[in-house]
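Here is the structure we will look at.
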Amino acid sequence: MAAHEILAATNAVVTLDVAIPGIVWPWLVTVNMWAKSIGTGVIFMLFLLIRKYPDQVEKLRFPTTVVSIIFIHIFLLFTLADLHQPFRMWHIFFYPHLNSAITVGAWMATAFVGLLFLLAFLSFIKKDNAAFDKTLTWVTILAIPVTLYTAGLMSQCTARELWQMPTESAQMIFAALLSGSAFMILMSGSKLNYEAKKTLGVVLGLSAFMSFTLYMSEYIFGPMKAEEVAAVLEYIKGDGPYTVMFWLGQWIAYLLPMVLILLSRVSKSENILKLAAILALAGLWLVKHVWLMIPQLLPMS
Amino acid sequence: MQLGFLVDLHLCMGCKGCEIACKVENEVPLSTWRLRVKYVDVGTFPETKRTFTPLRCNHCENAPCERICPVSALHYLENGIVNIDKERCIGCAGCVMACPYGAIYIDPQTQTADKCTYCAHRVASSMMPACVVACPVQANIFGDLDDPTSNISKYISHNQGNVQVRKPEKGTNPHHYYVNGGNVTLNPLASQREEGHSLFTKITTLPVGGHH
């Protein structure tokens with residue numbers, strides 16, 4: 001007996017329809033967002049360190065620039081890989097539609113890459129720290145909209161009620177601060193003293209706390225605002241298909257790093273701080289992936 | 001001129017003639033649809049009812065697909081049709097994600113976005129869309145919403161209070177109307193979609209663009 005035959009009279013069941021599209025934006029887009037968070041996040045952290053610990057950053061300017069270049073290119077590569085017509089990417093520059101967050105984002109990301117190469121030139125070829133620091137201010141300012149534009153893009157997806165502004169903007173900024181501080185903790189090695197690393201740990205811990213608070217707010221209060229949000233969040237509740245991955249992500253990206261950062265401050269252990277950083281980076285991928293997937297599971301028509 | 005569509009769900013008998021006519025007219029590839037008719041069963045035997053809802057692009061006045069398209073591949077024609085330039089499309093699928101009606105798909109042959117264009121090529125030659133011609137009961141009514149003497153304007157006028165659009169809360173201002181619709185027929189969340197079960201096939205989801 002088919003399931004729909006035993007439903008109560010008030011229920012309705014789709015009995016004939018075409019196959020609906022599956023996941024439209026797959027894991028490639030998750031990598032895109034994750035890599036961009038690191039690419040802009042390390043720039044935010046370098047800006048912070050130059051202001052707060054100018055004597056510590058001498059050997060960090062060029063490596064940080066290289067890390068940012070690498071991760072921004074991973075972001076660009078996966079953006080390109082996700083296109084169904086990647087060889088037409090140039091259309092964005094020659095037929096731009098400036099109401100689209102995709103267009104604005106692509107233009108800003110391109111300018112950001114140009115400025116990153118300028119930073120690399122200033123630090124590696126010219127070895128001019130003053131010019132580097134001055135340019136970094138502008139790069140940091142540009143890094144903010146580069147971080148945020150994906151949130152704009154997601155909120156332009158009228159169909160996906162879960163992705164709301166300004167929540168997504170806040171999530172993107174916190175993700176960049178979380179991953180930037182985590183990556184800086186791991187890459188700084190002996191270049192930074194413990195005090196500087198403690199500051200990075202504070203940024204990591206607070207970003208994790210704020211992100212977790214936002215997700216839990218959505219989880220608890222989102223269903224009270226819109227039936228689509230309620231339906232989407234069912235995929236991460238009970239025995240939903242993404243329940244395990246959602247909670248795994250929350251624990252690995254946010255809860256465990258918060259606990260580990262507190263422990264590292266008590267025990268003054270850099271290794272615990274590094275463990276928190278690794279977990280935050282790995283967990284962020286899971287968290288972003290779940291949030292990208294679940295709205296796509298809902299039939300739109 | 002503002003072209004629009006209206007479907008009288010009381011007349012539609014679910015023959016799928018419109019669906020087939022659209023497929024043939026627009027050479028829509030296998031596994032994709034510009035227009036489809038969804039069956040929803042309501043009730044418990046013997047008190048059951050089957051509803052039929054033709055679903056196509058709503059050609060919104062405030063179209064999210066047009067807004068998100070980075071290269072203006074989706075654009076408005078002067079007659080209000082939201083058209084698509086497949087040569088310009090980069091296949092980012094932003095429009096697929098933005099459309100609240102699930103009306104856009106990635107064509108597996110061209111790897112570009114595609115959707116119902118109200119048969120813009122036929123309209124340009126003063127012909128009716130293929131689905132309108134094929135409908136045996138004239139459930140599909142097409143015409144100029146700005147012209148009070150057009151059939152669609154008269155139909156809307158005669159059925160005031162019983163004309164609906166899908167998801168009005170999205171603020172898209174669709175130019176596609178339904179008469180005698182209801183929550184079950186127009187709201188996808190009002191009916192259950194059993195995984196792996198439909199009348200003729202067990203395939204419920206397809207890979208986008210024809211590949212995983």
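Note on naming: letters A, B, ... go to the chains in the order of the sequence lines (proteins, then strands), and numbering restarts at 1 for each one.
In this structure, no portion of B:Tyr105 lies under 4.5 Å from any heavy atom of chain A. Only the side chain of A:Ala231 comes within less than 4.5 Å of a heavy atom of chain B; its backbone N, CA, C and O stay farther away. Only the side chain of B:Leu189 comes within contact range of chain A, judged by heavy atoms closer than 4.5 Å. Neither the backbone nor the side chain of B:Thr51 comes within less than 4.5 Å of any heavy atom in chain A. In this structure, the portions of A:Glu228 lying under 4.5 Å from any heavy atom of chain B include both its backbone and its side chain. In this structure, chain B has no heavy atom under 4.5 Å from any part of A:Pro26.
Annotation: B:Leu30, atom CG; neighbour count of heavy atoms from other residues, nucleotides and ligands within 6.0 Å does not exceed 12. Within 6.0 Å of the CG atom in B:Asn151, the count of heavy atoms belonging to other residues, nucleotides or ligands does not exceed 12. Heavy-atom contacts from other residues, nucleotides or ligands closer than 6.0 Å to NE2 of B:His121 number more than 12. Within 6.0 Å of the CH2 atom in A:Trp138, the count of heavy atoms belonging to other residues, nucleotides or ligands does not exceed 12.
B:Cys69 approaches A:Ser100 most closely through the heavy-atom pair O-CB, 3.6 Å. B:Pro70 approaches A:Thr103 most closely through the heavy-atom pair O-OG1, 2.8 Å. Heavy-atom minimum distance, A:Arg88 versus B:Thr112: NH1-CG2, 3.5 Å.
Residues of residues 86-99 of chain B lying within less than 4.5 angstrom of chain A, judged on heavy atoms, are B:Lys86, B:Glu87, B:Arg88, B:Cys89, B:Ile90, B:Gly91, B:Cys92, B:Ala93, B:Gly94, B:Val96, B:Met97, B:Ala98, B:Cys99 in numerical order. Identified by a heavy-atom distance below 4.5 Å to chain B, the contributing residues of residues 143-170 of chain A are A:Leu153, A:Gln156, A:Cys157, A:Thr158, A:Ala159, A:Arg160, A:Glu161, A:Trp163, in residue-number order.
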Test side chain to side chain contact (heavy atoms under 4.5 Å, CB included) applied to B:Glu169 and A:Glu227, step by step: CA-CA 12 Å; B:Glu169 73 280 3; A:Glu227 65 170 337; 5.6 Å; no
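Once rounded to the nearest 0.5 Å, the distance linking NZ of B:Lys38 with OG1 of A:Thr15 reads 10.0 Å. To the nearest 0.5 angstrom, A:Gln85 atom CD is 7.0 Å from B:Thr110 atom OG1.
In terms of non-hydrogen atom pairs under 4.5 Å with chain A, the most contact-rich of B:Arg67, B:Glu19, B:Glu66, B:Lys49 is B:Arg67. Interface remark: of the candidates B:Ser72, B:Pro100, B:Ala103, B:Gly102, B:Pro100 forms the most heavy-atom pairs closer than 4.5 Å to chain A.
In this structure, a donor-acceptor pair under 3.5 Å is present between the side chains of B:Arg36 and A:Ser301.
You'll find the side chain of B:Ile106 stays beyond 4.5 Å of the side chain of A:Val24, heavy atoms only. Counting heavy atoms from C-beta on, the side chains of A:Met300 and B:Arg166 never come closer than 4.5 Å. Counting heavy atoms from C-beta outward, A:His97 and B:His75 have side chains that stay 4.5 Å or more apart.
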